[in-house]
Amino acid sequence: MPPSPPFPPPPPATEDELLQRAARLAGATLAELAAQAGQRVPHDLRRHKGWVGQLLERHLGASAGSAPEPDFPQLGIELKSLPLDRRGLPRESTYVCVVPLEGGQTGHWEGSLLQRKLARVLWLPVEADPGLVLAERQVGVALLWSPDAAEQAQLRRDYEELMELVAYGRLEELDARFGEVLQIRPKAAHSRVRGSSVGPDGAPLQVNPRGFYLRPSFTAGLLQRHFQG
DNA sequence: GCGTGATCATGA
DNA sequence: TCATGATCACGC
């Protein structure tokens with residue numbers, strides 16, 4: 001019997017180590033990964049929405065917890081699971097990070113939390129067709145991605161456009177339709193949650209917290225860029 | 001309560 | 001079918 005590796009594993013020391021761990025997940029079912037983690041597979045995700053992502057985090061040794069920084073701080077790499085439908089297209093937008101609603105951030109792309117989180121992302125595709133039982137869904141081949149010049153430019157344009165509205169206190173007229181590849185949507189336990197922001201006149205204002213999300217068309221594009229033509 | 005992990009549920 | 005706005009669970 002080969003010795004069982006420790007579980008959960010410690011944070012990967014190098015990028016290669018992370019990639020090797022991720023490669024071993026390809027083809028595994030969620031049932032297999034849950035068993036290795038000593039967990040039971042929920043019947044559905046309705047009350048376990050982050051379960052798949054957190055299971056993958058544990059298998060890879062992610063350490064950042066809920067801190068606002070990449071999942072592997074030493075490596076500067078963010079981990080994202082990507083739920084795919086039967087066509088291989090993303091079913092959902094991808095949450096990236098909270099939108100800074102009051103000061104602190106300049107609105108400049110460089111150095112922003114969003115830019116740091118998207119600088120290097122380990123995408124882990126996971127089957128997510130509604131017709132597939134959760135336990136039988138398989139993990140796909142991981143992709144360590146950085147935005148290319150075009151993607152970077154588009155992200156930056158959207159970020160600056162969106163943050164300009166935020167900076168001018170025009171949050172109330174900002175909705176999910178803004179942004180070509182990046183959007184801002186509510187991100188809270190529920191719609192009654194309030195957080196501090198600033199109104200158009202500069203006066204303090206309490207609003208529902210927001211998050212940055214990548215549109216499915218954007219993640220579909222980066223998958224195609226790497227796995228197809 | 002906040003930021004993380006996300007998916008759900010509804011209307012167009 | 002699809003995007004938006006709403007919501008669920010966890011660690012601290």
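Predicted model only: the values in this text are computed from it and were never measured.
- The residue A:Ser93 sits close to a base: some heavy atom pair falls under 4.0 Å.
- Within 4.0 Å of A:Pro209, counting heavy atoms only, lies no atom of the nucleic acid at all.
- Here the closest non-hydrogen pair linking A:Arg116 and A:Pro70 is O-CG, 4.2 Å.
- For the pair A:Arg215 and C:dT4, the criterion of a side-chain N or O lying under 4.0 Å from OP1 or OP2 is met.
- A:Ala189 comes within contact range of at least one nucleobase, with a heavy-atom separation under 4.0 Å.
- Side-chain proximity of A:Tyr213 to the nucleotides C:dA6, B:dG5, B:dC8 is greatest for C:dA6.
- Ring geometry, A:Tyr159 versus A:Phe212: the interplanar angle falls from 30° to 60°, so the pair is classed tilted.
- As a whole-Å value, the separation of A:Arg185 CZ from B:dA6 P is 14 Å.
- Phosphate contact (OP1/OP2 of B:dT4, side-chain N/O of A:Tyr95, threshold under 4.0 Å): present.
- Distance, A:Asp44 CG to C:dC8 P: 13 Å, rounded to whole Å.
- Among all heavy-atom pairs drawn from A:Glu173 and A:Phe178, the shortest one is O-CE1, 3.3 Å.
- For NE2 of A:His108, the number of neighbouring non-hydrogen atoms (other residues, nucleotides, ligands) closer than 6.0 Å is 12 at most.
- The phosphate of C:dT4 (OP1 or OP2) has a side-chain N or O of A:Gln183 nearer than 4.0 angstrom.
- Counting non-hydrogen atoms under 4.0 angstrom, A:Asp71 reaches the backbone sugars and phosphates but no base.
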